[in-house]
2 protein chains.
Amino acid sequence: MRIVVQKFGGTSVANLECMRKVMEKNKKILDQGIKLVVVLSAMSGETNRLLGLARQWSKNPDPWETDALVATGEQVSVALFAMLLKDNGIRARSLLGHQAEILTDCSAGRARILGINSERIMEYLEKHDVLVVAGFQGCDIRQRITTLGRGGSDTSAVAMAAALKAEMCEIFTDVDGVYTTDPNICPKARKIPRITYDEMLEMASMGAKVLQIRSVQFAKKYQVPVHVRSTFSDEPGTIVTKEEEGMEEAMVSSIAYDKDQARVTLMDVYDEPGVAANIFAPISDADIVVDMIVQNPSREGRTDMTFTVPRGDLDPTLKILERIKTEIGAPAVVHDAHVSKVSIIGVGMRNHSGVAAMAFTSLKNEGINILMISTSEIKISILLDEKYTELAVRTLHETFGLDRSDAT
Amino acid sequence: MRIVVQKFGGTSVANLECMRKVMEKNKKILDQGIKLVVVLSAMSGETNRLLGLARQWSKNPDPWETDALVATGEQVSVALFAMLLKDNGIRARSLLGHQAEILTDCSAGRARILGINSERIMEYLEKHDVLVVAGFQGCDIRQRITTLGRGGSDTSAVAMAAALKAEMCEIFTDVDGVYTTDPNICPKARKIPRITYDEMLEMASMGAKVLQIRSVQFAKKYQVPVHVRSTFSDEPGTIVTKEEEGMEEAMVSSIAYDKDQARVTLMDVYDEPGVAANIFAPISDADIVVDMIVQNPSREGRTDMTFTVPRGDLDPTLKILERIKTEIGAPAVVHDAHVSKVSIIGVGMRNHSGVAAMAFTSLKNEGINILMISTSEIKISILLDEKYTELAVRTLHETFGLDRSDAT
């Protein structure tokens, strides 16, 4: 049995007209004699409406009851869509999380999928051509409804594709694929036909607009090919897949950026074991995610510690530092809310030296000062003054030949 | 373990303020050390909103998907209400139909309850003081969501009380109990403190405004005492219960009426075996419910057949009769859309002769002409010209002493 999984987000099921377009996409697959699992989100705005109700009802909404509440959003989508399919002579039925037996752990609001009863679903697929599965939801071992947190429906779709060994997981969205960089600031950005899981993961915030990071991790783990494409056209989008051996990889596949950054420098903290833990443990306890961290020795027995946090978390971070100041050596605290991070990503980087040097040179030629650098195996991130963001993106995009159609 | 079941309808959970009032009713029971099962309907208007969506999506909405869709209404109510209780320090959790394991038959939209996993619910009651159960819904053996049809939440509550052997099933509604007759047309109508299941059933359309007939049948079968009372006061309402032996019953407990009646008379049909079937089978096939039927011999080999149907079904009924006219002896068809039915109800009637005579005499004294009579063991129904309805109700209410406080 050939199976494809298709996932549609909230804007794709916002109303009857949208759902009719989804049905047309379904038919293209069905016409090839392929069975379909369609994973849907709640109609756009519905989840927020339900969360608003919860906040109105309770100053501290119980997470389990919140899950039971918001799960109705997807339930409405799948029931209406299955109705529409049946009305058009397609053998379809809806499946909620507990009916598809999408077993999760016992974490309300941010559950992880433990398993899917694929045998049961294969039975359903014998009798139906389309199974319309509620995204974002599952149930735990005690039969409680759970939701998967942000990007949950993408994860549902990838998990379903993994469990059913589907030949493709198509994620329909409002962009038509993954680009070499943000086309809004770099008109020469091009759609990438193929990208590896790792590259997609490193694209972080930029990629997340297209596909939730968690679902990419899941896809990588189970080697599910994911096709990110537009709801509004029939053009192919970007296929996220494993790295193909023997194939020459482009050195750099994309340039990402993130303006939601603020930099904090602690000058002259004690340079002794445990000082980093003393600084970052209380910040982490406050649920603040620290991104880049750099440590430079300053003078005898002292060191400078620089790190970045999301811009909105700068004030709480400074308050925490004020509190623990003496403990870590009463350093001078310097901060800058107007920085941004530009990243150069590519699995090909591993086999090519000089990517960093090329990047630094091209930025220097434009007179852009580098504030901080951090690197991973397939990514180089550079912190710079926010005002240079667009210039830096365009410069690096050209430097690594991404605006040439033969580049990827 | 002492257990009480409380059921609240859509207007009682329409918003946060209403739900707070429901919580106050809960607390009165909890303060006595009694465990509670609270059965809720969807917030008022929600079920109709969802059904409207279904009709918009499909010209002939699939009944199974419709059930999955409308079941979200109760799901939202129970999640929000459980949140509110927890916020107020009450150990509560919500249970959907499939979680409470309310097993039904496989009839979408009008399922019948086959059983409830009471052991499972008793386990939940060990850990929680309030279980908030979604009314109106269950699931079938294939794990599909089913709904119970009109009055479903009342039936859910009674079934839950039966399964848990609760000491009382309290049905909160917007009236404060069952009255000797409609207070809107008879200001002397009084609230009945106690009424038997059979009397409640015979009150048919009048009683149904208070408590769905189906739930009364269920209560009778499992001998569940049902307390019908007002959401908006703390006054006791009406307890619907079994007939207590040895107790002297009031001869008549209430006067009901139904203006939704039309009368059809077929004159001179063949008086031979099977003629009634020939007339009523096609009417029944058209889903028209015939209420009263009277047959009078007219002349040799011929008979008059008179019956009543709901007023809105008069025209289709006449069309059917036109079709089968010759078959049944080409009778003259006479009809009257302006009739109403007044009923005298009381289990005490069984042991008292003369109720019918008393009724006919008092109507005659008011100059009211009787068009048709039908009787059961505990009910006498009289068809009369619609314009006499109110006068007849008031006259009979007084005749049987229902306006005296010692009458019931």
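If you're wondering where the values come from, they're calculated on a predicted model, not measured in any experiment. First the proteins, then the strands, lettered A, B, ... as listed; each starts at 1.
- With a 4.5 Å cut-off on non-hydrogen atoms, B/Ser77 does not touch chain A at all.
- To the nearest 0.5 Å, the span separating CG on B/Asp87 from CD on A/Glu65 amounts to 11.5 Å.
- Using a 4.5 Å cut-off between heavy atoms, A/Ile145 touches chain B through backbone and side chain atoms alike.
- Of the listed residues (A/Gln99, A/Gln75, A/Arg20, A/Lys59), the one with the most heavy-atom contacts under 4.5 Å to chain B is A/Gln75.
- Among the residues in residues 37-56 of chain A, those with a non-hydrogen atom closer than 4.5 angstrom to a non-hydrogen atom of chain B are A/Met43, A/Arg49, A/Leu50, A/Leu53, A/Ala54, A/Gln56.
- By the neighbour-count criterion of 12 heavy atoms within 6.0 Å, atom CD of B/Glu17 is sparsely surrounded, having that number or fewer from other residues, nucleotides or ligands.
- Proximity to chain B involves both the backbone and the side chain of A/Gln143, based on heavy atoms less than 4.5 angstrom apart.
- If you measure heavy-atom distances from A/Arg142 to chain B, the contacts under 4.5 Å come from the backbone alone.
- Between B/Met83 and A/Leu69 there is a side-chain heavy-atom pair separated by less than 4.5 Å.
- Of all heavy-atom pairs spanning B/Leu80 and A/Trp57, the tightest one is O-CD1, 3.3 Å.
- Other residues, nucleotides and ligands contribute at most 12 non-hydrogen atoms within 6.0 Å of the CD atom of A/Glu119.
- Here OG of B/Ser94 is found 8.5 Å from CG of A/Asp62. Values are rounded to the nearest 0.5 Å.
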